[in-house]
Amino acid sequence: MILSTGRLDLREMTDADLPALRAILHDPVAMIAYEGAFDDAESLAWLRRMQERYADDGFGLWAVVLRETGEMIGQCGITRQRIDQDEVIEVGYLFVRAHWHRGYAVEAASACRDWAFRELPIDELYAKVRSTNVASMNVAIRLGMTARRTFTTHYRGVDMPHLAFAVSREAWSRGRRSVPEEPAGS
């Protein structure tokens with residue numbers, strides 16, 4: 001287990017998670033930001049890339065498991081990404097469509113944001129969001145991020161305009177201090 005929230009557990013993905021991962025990656029609506037659904041080979045390559053990231057970086061996109069059912073409902077975590085010529089640390093999130101609009105993305109991504117600032121020597125945390133993905137923009141905003149710049153990613157033969165959202169360590173720290181502590185036993 002990497003992280004736990006009120007409703008979710010985040011852990012490294014294993015080969016046993018491939019069917020649940022395919023439920024996300026094979027869905028053309030869930031994968032609109034990637035210009036469509038992945039096939040079996042692309043999904044396996046995605047899983048292998050995450051497993052390599054765990055080994056090389058100590059982090060990656062983790063399985064998001066709904067504690068109540070034990071079902072993997074998404075993936076969320078921290079990855080190294082490129083924005084133009086810059087390497088940045090990013091929080092990413094991608095969920096099974098049946099579990100959208102329930103706050104799971106914000107819950108998981110908030111825990112990952114907090115983990116990144118506690119565990120990594122970073123001054124800023126980013127979210128790369130395709131310019132047409134309003135739902136992901138809203139998650140980034142709820143994480144305390146603001147749009148910093150625009151850029152274009154070339155992927156699957158398509159130029160995709162993106163926004164780079166980010167939150168600084170200083171802003172994250174200020175936000176944590178402004179949230180009232182819950183009384184013991186609540």
Side-chain angles (χ1 to χ4, degrees), residues 3 5-51 53 59-83 88 90-113 125-147 149-166:
L3 293 167
T5 70
R7 302 177 290 173
L8 308 170
D9 293 321
L10 282 73
R11 60 166 174 74
E12 291 184 358
M13 285 187 281
T14 68
D15 288 0
D17 294 314
L18 188 56
L21 184 61
R22 284 182 175 145
I24 303 166
L25 301 180
H26 287 203
D27 180 347
V29 175
M31 295 299 288
I32 195 78
Y34 291 86
E35 204 59 29
F38 283 13
D39 62 22
D40 285 345
E42 290 169 312
S43 297
L44 180 59
W46 180 282
L47 176 62
R48 292 293 178 253
R49 190 167 50 253
M50 289 311 124
Q51 292 170 333
R53 287 177 168 173
F59 52 85
L61 293 179
W62 297 306
V64 177
V65 177
L66 185 59
R67 190 175 306 113
E68 182 179 310
T69 63
E71 173 189 9
M72 179 182 158
I73 63 167
Q75 53 185 328
C76 185
I78 305 298
T79 59
R80 293 181 189 280
Q81 295 289 333
R82 295 213 67 80
I83 296 178
V88 301
E90 184 210 29
V91 60
Y93 34 88
L94 193 55
F95 284 78
V96 174
R97 195 165 19 129
H99 292 282
W100 288 4
H101 309 296
R102 298 181 187 181
Y104 295 133
V106 172
E107 185 174 333
S110 293
C112 291
R113 174 205 58 206
L125 181 67
Y126 283 81
K128 290 174 57 173
V129 181
R130 191 167 178 185
S131 65
T132 55
N133 193 340
V134 174
S136 280
M137 289 179 206
N138 287 331
V139 171
I141 290 165
R142 290 190 63 195
L143 294 176
M145 296 181 165
T146 56
R149 62 178 158 168
T150 60
F151 64 100
T152 300
T153 297
H154 188 77
Y155 186 70
R156 295 177 116 182
V158 176
D159 284 333
M160 300 178 194
H162 278 68
L163 290 115
F165 283 82

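Every heavy atom of this structure was used, including side-chain atoms; hydrogens, water molecules and symmetry mates were not.
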S.K.: What residues form a ring-ring contact (aromatic ring centres under 6.0 Å, His included) with F151, not counting sequence neighbours?
M.R.: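 F151 satisfies ring-ring contact (aromatic ring centres under 6.0 Å, His included) with H162 once adjacent residues are dropped.
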S.K.: So, using side chain to side chain donor-acceptor pair (under 3.5 Å) as the criterion, who are the partners of D15 when residues are at least two apart?
M.R.: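 Partners of D15 by the side chain to side chain donor-acceptor pair (under 3.5 Å) criterion, ordered by chain and then number, come out as R48, Q51.
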S.K.: Return the set of residues passing side chain to side chain donor-acceptor pair (under 3.5 Å) with T152 (not counting sequence neighbours), or none when no residue passes.
M.R.: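 For T152, no residue satisfies side chain to side chain donor-acceptor pair (under 3.5 Å) once neighbours in sequence are set aside.
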S.K.: With sequence neighbours excluded, what pairs up with R49 under the salt bridge (Lys or Arg N to Asp or Glu O under 4.0 Å) test?
M.R.: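 None.
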S.K.: Tell me every residue that passes salt bridge (Lys or Arg N to Asp or Glu O under 4.0 Å) with E90, counting only those two or more places apart in sequence or in another chain.
M.R.: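 None.
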S.K.: Which pairs pass salt bridge (Lys or Arg N to Asp or Glu O under 4.0 Å) with one or both residues in residues 125-143, sequence neighbours excluded?
M.R.: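 Listed by first then second residue: E35-R130.
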S.K.: Report the residues that fulfil side-chain contact (heavy atoms from CB on, under 4.5 Å) with V29, sequence neighbours left out, ordered by chain and then residue number.
M.R.: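 For V29 the side-chain contact (heavy atoms from CB on, under 4.5 Å) partners, ignoring immediate neighbours, are D27, R97, W100.
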S.K.: Taking salt bridge (Lys or Arg N to Asp or Glu O under 4.0 Å) as the definition, give me every residue that meets it alongside R82, ordered by chain and number, with sequence neighbours left out.
M.R.: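 So R82 forms no salt bridge (Lys or Arg N to Asp or Glu O under 4.0 Å) with any residue.
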S.K.: Could you grab the distance from atom CH2 of W46 to atom CZ of F38, nearest 0.5 Å is fine?
M.R.: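 The distance works out to 5.0 Å.
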S.K.: In a table with atom names and distances, give each donor-acceptor pair under 3.5 Å that connects a side chain of residues 59-67 to protein atoms at least two apart or in another chain.
M.R.:
unit_1	atom_1	unit_2	atom_2	d
R67	NE	D9	OD1	3.2
R67	NE	D9	OD2	3.3
R67	NH1	T5	O	3.2
R67	NH1	G6	O	2.9
R67	NH2	T5	O	2.6
R67	NH2	L8	O	2.9
R67	NH2	D9	OD1	2.9

S.K.: Please enumerate all residues that pass side chain to side chain donor-acceptor pair (under 3.5 Å) together with T153, with sequence neighbours excluded.
M.R.: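 For T153, no residue satisfies side chain to side chain donor-acceptor pair (under 3.5 Å) once neighbours in sequence are set aside.
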S.K.: Going by the rule side-chain contact (heavy atoms from CB on, under 4.5 Å), which residues pair with A140 if we only count those two or more places apart in sequence or in a different chain?
M.R.: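 Partners of A140 under the side-chain contact (heavy atoms from CB on, under 4.5 Å) test: Y93, A127, M145, F165.
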S.K.: Using the side chain to side chain donor-acceptor pair (under 3.5 Å) criterion, which residues pair with R22? Sequence neighbours excluded.
M.R.: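 Counting only residues at least two positions away or on another chain, R22 forms a side chain to side chain donor-acceptor pair (under 3.5 Å) with D40.
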